[in-house]
Every structure is written in structure tokens, then in C-alpha cells.
Amino acid sequence: MECKQATVAVHSGLNIDEQYGCVVPPVYLSSTYNFTDFNTPREHDYSRRGNPGRDIVQQVLSELEGGSGAVMTSSGMSAIHLLCTVFLKPGDLLVAPHDCYGGSYRLFDSLSKRGAYNVIFIDQADENALKLALAQKPKLVLIETPSNPLLRIVDIQRICDLAHEVGALAIVDNTFLSPVLQKPLDLGADIVVHSCTKYLNGHSDLIAGAIIAKDPAIAADLAWWANNIGVTGGAFDSYLLLRGIRTLSARVLLQQSNAAAIVEYLQQQPQVKKLYYPALENHPGHKIAVKQQKGFGAMLSFELDGDEQTIRRFLSALKLFTLAESLGGVESLISHTATMTHAGMSAEARAQAGITDLLLRVSVGIEDSQDLIADLDNAFQAAVTR
Ligand code: PLP
């Protein structure tokens, strides 16, 4: 029976325990597995290479993204690093978005400076810049849409087509939307990468990553390298991630409807100088978002009118939004991009990407939306009080 995504997220891997009939798969903590006889290993021999719990979560991830195989890794960064290690040699080129996640930017920048590979950061919405970059015959094109923190949207299908014309693999970082709201493999991407730390787990109590590939040979190659390098996810983390994924659809849809209510409120706030959310018709990526996404997600950012003191007063008055990095958890978070998530980028690089010192990024949780709005309202009042 072909099931919908929300059903797959709940049912994949249930009732597979033959010994006790456990409905939920147990946590397989053993690091090693006995051989049944001389030179006769079982399906698993060592937990870095394969763990039954990790197998289950990899299977669910693959099904949710519509791939042919997945690798769960110790973090989103180790997943991204694994991809670069597998596909890029010294001299090979990676084309990345100029406003990609700050940690990805730092990784590409630092490793390219050591000669591991070359990277160019471009505005992928700029067709000319894209064509110039692709003319240099990259091996990999990384797409991140919506981007962090300005929610810029790029056309996945278009960029994948152009990347394929020059023989490059197209990778999409789908962390911000999750497969509930965007399916990059259906739009032509070869590989999807996630920070599972975010929406997939959804409870801010785990660091993990995942790679999902369309081609089974690529999926197998990535699994081989993940074991070789030693970046596979741990047993307990696999269990936690699977538990988080069970409620993925319900969480993401509620977070998204809370975000829509907050955006409506923020639009009426005179202290909000700029508001970034792809559902807004004046958002430059709105039309593409409508075309390629199943919703607008629960991330938004805005610029406060004022100075550092205004930001300080606003943030310290908030009670329900925690000042913290990360996103995608059930609790609402707020971060000051320049000093937190994107502090690893130089001031010039931030300016080039359009990230000002007055920008705040919000990850909307599943609390009651009226409570969240009341909290913001109180903070706006505190911010203007001198
Ligand atoms: N990709 C995106 C879009 C992210 O936001 C993050 C982390 O914030 C990462 C990758 C890295 O993931 P992790 O923190 O799990 O290593």
C-alpha cells in the first residue's frame, strides 16, 4: 500500500521486532556483533559501519525524501564535509550560495584555503553569475533554499538543469523546510543534505545530519565513505532522530501556521523595518516558492528599526522566544545573526549577503500563537522605552 508522507514517518520501521513484538524498535547499543561461525559475519559486524537502529532511520529518511538510500551522520556539518570529501579533489570546483549557512561557508572557505578544493560563492538567483560560475565546470553545485537567514529562494529545477548540463552534481540543503514542505529530488537534485538537528528531530536535543541520494550507487558510495571516515550517527542518536521524525508532519504544519500568524502581526509593527518571509508577495522569491514548495515554512527574519540598544532591549524583554542559535525545535527561538549564526563570516561577506547588524532570525515553535504574539508585543514596547 502506497502511503502518504505523514503515515510513512509514523509507520516506517514499526513492528519489526520478532523476538518480543516491540511496536517501537529498540535501541541497539552494542558496538560489535558476533560472527555466527568462522568467516561468517551477520548483517552487521561493527556499529560504525552498520547499526540496526540507524538502518531504520536511514530508511525513513530515504522514503520521506523519495531517495534510493540515505546515510545518517554525526552532524549536518559532517554530512556536508562528507559530500565534499567524496566528490571533490584538489583543483575541483564547488559552487555554493553566497548566503549559505555560516558553518558551511566557514568549512568551504577554510578547506579551500588549504587546497582541498576550490569554491566560489555566488548569488544563485543571479542568472549571469550562475552561468559564469558553471562555465568553470564545477563538480558540485550546492543549493540552499530558503537560505539562512534571509529566506532567499532560488529555483531548484532551473539550477539543477544548468548544473547537469556541465556535468556537475546538484546538492540541495533541505534543512529549512524538511521533506514535508519541499522535495528537491523530485525537482531534479541528485542529493539532499540535512541538518537533522533541526526540523527532522524537532526537539533541540540532538546533533545529527543526513544525506539522501537519488542514485543507489551514489548512496552506497556515500555509506562506504561515511564508515571509512567514521562520521556515521550513533545508536542513541538514531533512536532519538527516529522518535522525532514520527511527529515531523504535525510539528512542521503547526509551526508553519504559527509563523503565518506572527508574520501577519509583524507586518503591522512600525518598528519592523524589513520582514523576510517567502509567503509575502513582495518577497523576491515568492513566485518560485509557490511553484516548488508545499508551504512557506516556519522560519522568518526581520530588521528592527533602531540600534544595538534597541536590539538589546527587545531581546531581553522576550520571555517565550529563547535567544539561541539553531532552529526547527518545538520551542520558539530567536537569534541575532551577525553575532551568532553568521559570526564566522567576515563583516564584508555578511554585508555582501545583505545581513545587517539589526537582523533577527526567528524559528517559530508549536506554542500557542497568541502567546507568542503577546510576547513579541511586549518586547516591542520595551524596545522603544528608553
Ligand atoms: N545546514 C543548515 C541550513 C543549517 O542551518 C545548519 C546548522 O544550523 C547546518 C547545515 C549544519 O548542521 P549541524 O549544526 O547539525 O552540524
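Counting starts at 1 for both ligands and their atoms, in listed order.
In this structure, the protein non-hydrogen atom closest to atom 15 (O) of ligand 1 is Thr197 OG1, 2.6 Å. Summary of contacts: the protein heavy atom closest to atom 7 (C) of ligand 1 is Lys198 NZ, 2.7 Å. In terms of protein heavy-atom proximity, atom 4 (C) of ligand 1 is nearest to Tyr101 CG, 3.6 Å.
Every N/O-N/O distance between Glu144 and ligand 1 stays at or above 3.5 Å. For a threshold of 3.5 Å applied to N or O pairs, the pair formed by Met77 and ligand 1 contains at least one separation below that value. Considering both main-chain and side-chain atoms, Ser195 comes within under 3.5 Å of ligand 1 through a nitrogen or oxygen pair. Of the polar atoms of Gly76, at least one N or O is found under 3.5 Å from an N or O of ligand 1, judged by distance alone.
Within the structure, the side-chain hydrogen bond (donor to acceptor under 3.5 Å, both in side chains) test picks out the following pairs touching residues 202-216 (sequence neighbours left out): Asn201-Asp205, Ser204-Glu331.
Shortest non-hydrogen contact noted between Val154 and Gln292 is O-NE2, 2.7 Å.
Taking only non-hydrogen atoms, the option from Leu200, Asp173, Asn201, Thr341 nearest to atom 2 (C) of ligand 1 is Asp173.
Here Phe314 and Phe380 bring their ring centres to under 6.0 angstrom of each other. Ring to ring, His286 and Phe296 are close: their centroids are under 6.0 angstrom apart.
Between Arg158 and Asp155, none of the side-chain N atoms (NZ, or NE/NH1/NH2) sits under 4.0 Å from a carboxylate O, so this pair counts as no salt bridge.
Ser75 places a side-chain N or O within 3.5 Å of a backbone atom of Ser78 that can act as its donor or acceptor partner.
Close contacts of ligand 1 with Ala208, meaning ligand atoms under 4.0 Å from a residue heavy atom, involve 15 (O). Close approach to Asn148 involves these atoms of ligand 1, each under 4.0 Å from a residue heavy atom: 5 (O).
Note: Leu162 CG to Leu134 CG = 6.0 Å, rounded to the nearest 0.5 Å.
A search for salt bridge (charged side-chain N to carboxylate O under 4.0 Å, His left out) contacts involving Arg361 returns nothing, not counting sequence neighbours.
Put simply, no part of Ala79 is less than 4.0 Å from ligand 1, judged by heavy atoms.
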